[in-house]
Amino acid sequence: MITSKLTTKAQTTIPQPVRAALKLREGDELAYEIDDGRVILTKAGKGTGDDPFRTFDEWNSDADRKAYAKL
């Protein structure tokens, strides 16, 4: 079993094995489902939210983030 602690501000770090299993990266959104006293954590799909830059997903590589980090 993988565990993590809750801070006084109700924050926690998602353990590395969980991040790896869900292929999480900075900026990813998470979805929570409560089912009979259990919480199911999944990586949220790319929805149709109000993100005006979702059209430019092809520019979302590690190299692009590094190149444009200081703009």
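The basis for the numbers below is simple: all heavy atoms, side chains too, and nothing from hydrogens, waters or symmetry mates.
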Problem set entry | Side-chain touch I40/T42, heavy atoms, less than 4.5 angstrom | yes

For this session: Take atom CD1 of I34 as the centre, draw a 6.0 Å sphere, and report whether it contains more than 12 heavy atoms from other residues, nucleotides or ligands.
Result: no

Exercise. If you measure only the distance, is there a donor-acceptor pair under 3.5 Å linking the side chains of S4 and T13?
Worked result: no

For this session: Indicate if V39 and I2 have the same hydrophobic cluster label, given that clusters are the connected sets of ILVMFWY residues with side-chain heavy-atom separations under 4.5 angstrom.
Result: yes

For this session: Decide yes or no for R65 and R25: does some side-chain heavy atom of the first lie under 4.5 Å from some side-chain heavy atom of the second?
Result: yes

Problem set entry | Side-chain donor/acceptor of K43 to backbone N/O of E29, under 3.5 Å | no

Exercise. Do L6 and L41 sit in the same hydrophobic cluster, where Ile, Leu, Val, Met, Phe, Trp and Tyr count as joined when their side-chain heavy atoms come under 4.5 Å apart?
Worked result: no

Seminar exercise, completed: d(K5 NZ, T7 OG1) to nearest 0.5 Å is 12.0 Å

Exercise. When rounded to the nearest 0.5 angstrom, what distance separates CZ in R19 from CD1 in I14?
Worked result: 7.5 Å

Exercise. Taking it one step at a time, do L30 and L24 satisfy side chain to side chain contact (heavy atoms under 4.5 Å, CB included)?
Worked result: CA-CA 9 Å; L30 304 173; L24 294 175; 3.6 Å; yes

